[in-house]
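Reviewing the structure listed below.
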Amino acid sequence: MMFDKIDTISKSLVQHGPNNDRVYLMKVNADEHIEFLIDKLYNLTLFKRYSKIFVKVPARFRKFFLLHNYKLEAAVPGLYDGEEEGLFFSKYFNANRGFLNTEEKKLLREVVDVASTASASEVPTILSGYNIRVLDETDIPAIANVYKAVFKVYPFPIFDEQYLAEVMRSHVKFFGSECDGEIVAVSSAEMDSENSNAEMTDFATLLAHRGKNLSYFLLEKMIEEMGREGIKTLYTIARAKSFGMNKTFGRHGFQFGGTLIKNTLIGESIESMNVWYKHTY
């Protein structure tokens with residue numbers, strides 16, 4: 001399948017394309033002219049007829065996006081080097097894209113309530129026969145196979161072995177759970193070492209091995225490893241309707257940062273996503 005593109009626009013890193021039907025400002029360059037960039041994002045959105053712009057930016061740019069009628073949907077204290085807050089803004093070009101009905105809002109509130117009150121004392125025990133480890137390049141075919149089995153579509157080309165090798169060599173650590181020598185669950189930590197943060201993402205478990213809390217143990221290993229890497233702030237963008245995934249982060253002490261409305265193509269449709277965060281300092 002075709003994936004949304006990652007481009008440099010002005011001086012900053014941007015993903016855009018028809019799959020997510022949006023422009024996503026992933027990382028602002030330190031030397032960026034922010035007003036010029038905002039205009040470029042707007043023009044690209046109109047030209048491509050996307051229905052949303054989504055941005056992740058340091059708090060010092062708050063006033064610029066508010067002036068351009070962006071909506072603040074989530075925030076992560078200390079996202080940038082443990083000091084500056086990270087803000088997640090959205091701008092909608094289609095009324096339906098930013099709308100949730102009453103039942104959807106009720107479900108999303110319930111998921112957050114359950115996850116936020118999840119007790120750290122509810123610690124599961126990993127079942128005999130499973131182990132968790134950091135993965136390396138020899139595991140790439142197995143990683144791709146797990147993702148292909150779990151997801152029909154995904155925001156990034158995680159089914160592509162070349163892509164997995166490239167990001168593994170540059171800034172992403174992959175983690176896996178093995179059973180009888182087979183990798184049956186995976187996840188990744190996408191590190192921004194310059195800003196000392198990492199996104200906990202790409203969780204997937206083969207159908208036959210679900211219900212065994214493997215995501216809990218993968219996240220436990222990820223937190224431990226990111227601490228060794230000196231990463232100060234961990235965050236995730238998790239499927240907002242998933243009780244299990246949100247509860248996993250709640251049980252590990254992550255705090256709720258907000259909900260991104262109809263933000264990400266995952267599974268078979270564009271879904272709302274919850275932001276959770278945790279500091280290691």
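None of these values were measured; they are calculated from a predicted model.
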* Please report the closest heavy-atom contact between A74 and G258, naming both atoms and the distance. => CB-CA, 3.8 Å
* Asked: From T205 OG1 over to K212 NZ, what is the distance, rounded to the nearest 0.5 angstrom?
  -> 10.0 Å
* Does the side chain of K56 reach to within under 4.5 Å of the side chain of Y24, using non-hydrogen atoms? -> yes
* Quick one: does F89's side chain get under 4.5 Å of L25's, heavy atoms only? -> no
* Asked: Is any side-chain heavy atom of I237 closer than 4.5 Å to a side-chain heavy atom of E199?
  -> yes
* To do: Answer yes when E271 and K241 have at least one side-chain N-carboxylate O distance shorter than 4.0 Å, and no when they do not.
  => no
* F203 versus M222: any side-chain heavy-atom pair under 4.5 Å? -> yes
* Asked: Using 30° and 60° as the class limits, which term best fits the ring planes of F3 and F159: parallel, tilted or perpendicular?
  -> tilted
* To do: Classify the side-chain pair N263/K52 by whether it contains a donor and acceptor separated by less than 3.5 Å.
  => yes
* **P155: which of N20, N19, D4 passes side chain to side chain contact (heavy atoms under 4.5 Å, CB included)** => N20
* **Ionic contact status for R169 with E137, cut-off 4.0 Å** => yes
* Cationic N near anionic O, under 4.0 Å, E268 to K152 -> yes
* Please determine, by modelled atom types, if S187 and D202 share a side-chain donor-acceptor pair under 3.5 angstrom. => no
* Could you tell me whether F254 and F249 have their ring centroids closer than 6.0 angstrom? => yes
* To do: Answer yes if the side chains of D192 and H171 hold a donor-acceptor pair under 3.5 Å, and no otherwise.
  => no
* Can you find a heavy atom in the side chain of M200 that is under 4.5 Å from one in the side chain of K278? -> no
* R133 bridged to D139 by N-O distance under 4.0 Å -> yes
* Over all atoms of both residues, closest heavy-atom pair of E161 and P141 -> OE2-CA, 3.7 Å
* Per the side chain to side chain donor-acceptor pair (under 3.5 Å) rule, which among D21, T45, N96, N94 passes with S51? -> D21
* Asked: In terms of hydrophobic clusters joined by side-chain contacts under 4.5 Å, are I53 and F88 together?
  -> no
* Any idea how H33 and F36 line up, ring-wise: parallel (<30°), tilted (30 to 60°), or perpendicular (>60°)? -> perpendicular
* So, are K106 and E110 salt-bridged, with charged N and O less than 4.0 Å apart? -> no
* To do: Given side-chain contact (heavy atoms from CB on, under 4.5 Å), test V184 with L214 step by step and report yes or no.
  => CA-CA 9 Å; V184 299; L214 297 182; 4.0 Å; yes
* Please answer whether the main-chain N or O of A240 pairs with a side-chain N or O of S272 as donor and acceptor at a distance below 3.5 Å. => no
* **Heavy-atom check, side chain of V172 versus side chain of M191, under 4.5 Å** => no
* Aromatic ring proximity, centroids under 6.0 angstrom, H279 and Y281 -> yes
* **Side-chain heavy-atom pair E225, V134 within 4.5 angstrom cut-off** => yes
* **Non-hydrogen side-chain atoms of E85 and P58 separated by less than 4.5 Å** => no
* To do: Can you label the angle between the F93 ring and the Y42 ring as parallel, tilted or perpendicular, going by 30° and 60°?
  => tilted
* To do: Rounded to the nearest 0.5 Å, what's the gap from CG on N274 to OG1 on T236? Could you check?
  => 9.5 Å
* Considering non-hydrogen atoms only, spot the tightest contact between W276 and S116 and give its length. => CH2-OG, 3.6 Å
* Quick one: closest heavy-atom pair of L87 and A75, and the distance? => CD2-CB, 3.9 Å
* Hey, are E190 and K173 close enough for a salt bridge, meaning a charged N less than 4.0 Å from a carboxylate O? -> no
